[in-house]
Protein chains: 2
Amino acid sequence: MNDSGENGEKKRSRRPPQERTTQRDPERTRAAILEAATREFAENGMGGARVDAIAERAGTNKRMLYHYFGDKEQLYLRVLEEAYVGIRTAERALHIGDRSPEEGIGELALFTWRYFLQHPEFLSLLGTENLHRARWLRQSVRLKELHSHLIGELSQVLEQGKKQGVFIETADPLHVYLTIASLGYFYLSNQYTLSTIFGRDLIEPTHLNAWERHIVHVTLASIKR
Amino acid sequence: MNDSGENGEKKRSRRPPQERTTQRDPERTRAAILEAATREFAENGMGGARVDAIAERAGTNKRMLYHYFGDKEQLYLRVLEEAYVGIRTAERALHIGDRSPEEGIGELALFTWRYFLQHPEFLSLLGTENLHRARWLRQSVRLKELHSHLIGELSQVLEQGKKQGVFIETADPLHVYLTIASLGYFYLSNQYTLSTIFGRDLIEPTHLNAWERHIVHVTLASIKR
DNA sequence: CCATCAAGTAACTGTTTAGTTACCGGCTCG
DNA sequence: CGAGCCGGTAACTAAACAGTTACTTGATGG
């Protein structure tokens, strides 16, 4: 490229002042990148996210990002994995089997709705990943076993309800979970187009509360005898 | 097709042979661009879609695309508008008020599910548009009035059902539509991540049929007295 | 007390991309 | 018939982008 020439004894003096309080902290830098990447990917999708923007948001630069995560795709996969771990971990803490079957299902529905409401970035990441037909998620080994627990626990609650005669015999655990997730996901992730075409602001607290009650009502109505 | 002589007398001769059967047809070119754009935007989102790819898919080139549609954003909005017009037009042809209220709602649920199933590009476009918080749809004037008809007709059917004593008094038209749309949208648009994490191929005909029955069952169970 | 290594910075590079320009040729209407 | 318009082509350009390189700084164990 270029050598010293005029301005100094060293080979290349590209270095400006550097005012930054440079406290070194690998863990913090790593975490900052992950959090910044979560927001950037959630807001812009995989294709729209900018590596420069992630580095800037994290208060660091691209070099560190590539150092810790390899490349954009690997960083994205880490973000996605962490998002799944987040919801499944919170879900486990519910212990839906501790109450009556009806209460247990109602509680799972409430939890799912509220988690979606408080974590819009999770919904957004799911949307992006599905646009790409789970291209990155499929490569993840960590995620597969994380979900058998959910279906297992839900299955037990349903069985108990059937024995007690409160649930119909055809109730299926996967269907029940998909019903709950559908009603929460669609309402929130599509709120912008829906609010526009129907001329009603779906994110208003009144409407949010009404939909919360609706989800519990629909879920239970579909499995009660 | 080909000119004569030396071909070097003009100022600048950038022109290679040109073998194409150049039949001029503005309407066809326009339609081809729109269809190609629909596929490209659906597959890659607004950020991931490539203008060059659209032109190539349409069997034309970028110049024509900019000539007919202005720029990438305007083309995208046209694609989105056409997609909405498509589903709402097909929906109107149903005339859900012609049968019994229960049959009418069931039919709307079936129609919506099957339309989603046959038009994956529509679901994908909705996802992209919501990622961007309806940024482009909000600019559309054409779309607003298109949706009042749907809610109006649905409202009438529900009222009739309430009078006949088959539906509960609290049934709300927007909620009923959102329920139907939720169950179809989530299952299909998230099929890739869901199939991956639950280890079950949701697109298999057996599962599709089961979910179709489930949607009708849930919808009616949630409003029947 | 210095050799070494990890954390960090910013400028650079090759490629891709949206959008533009220079040019071509068939059809129609005066 | 011929002028000019409109549908069409391909090469060009400026900007943006993912990923790399050249280099600096601070801490620490021998």
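This is a predicted model, so every value here is computed, not measured. Note: hydrogens, waters and symmetry copies are ignored here, and every other heavy atom, side chains too, is used. A note on names: the letters A, B, ... follow the listed sequences, proteins ahead of strands, and every chain is numbered from 1.
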[X] side-chain proximity, nearest of [options]:
| X | options | answer |
| --- | --- | --- |
| B:H67 | C:dT9, C:dA7, D:dG7 | D:dG7 |
| A:D52 | D:dA18, C:dA18, C:dT9 | D:dA18 |
| B:K72 | D:dG7, D:dG19, C:dG19 | C:dG19 |

Handout entry: Aromatic ring proximity B:Y76/B:F41, centre distance under 6.0 Å
Key = yes
Are OP1 or OP2 of [N] and a side-chain N or O of [X] less than 4.0 angstrom apart?
| X | N | answer |
| --- | --- | --- |
| B:T60 | D:dG8 | no |
| A:T29 | C:dA7 | no |
| A:R50 | D:dC17 | yes |
| B:Y66 | C:dT17 | no |
| A:N61 | C:dA10 | no |

Exercise for the section: Identify whether the distance between the nearest side-chain nitrogen and carboxylate oxygen of B:E27 and B:R30 falls below 4.0 Å. Expected result: no
Problem - A:E153 bridged to A:R92 by N-O distance under 4.0 Å - result: no
Handout entry: Length of the CZ-P vector between A:F69 and D:dG19, whole Å
Key = 14 Å
Exercise for the section: Grab the CD-P distance between B:E27 and D:dG8 for me, whole Å please. Expected result: 11 Å
Exercise for the section: Look at the side chain of A:K62 against the base of C:dA10 and say whether a donor-acceptor pair falls under 3.5 Å; ignore hydrogens and angles. Expected result: no
Practice task
Would you indicate what B:A55 reaches in the nucleic acid, counting non-hydrogen atoms under 4.0 angstrom: base, sugar-phosphate, or nothing?
Solution key: nothing
Completion exercise
Assert: residue with more 5' nearest nucleotide on DNA chain D, out of A:G47 and B:M64, is B:M64
Practice task
State which residue, out of A:E129, A:E73, A:R135, fulfils the side-chain contact (heavy atoms from CB on, under 4.5 Å) condition with A:M46.
Solution key: A:E73
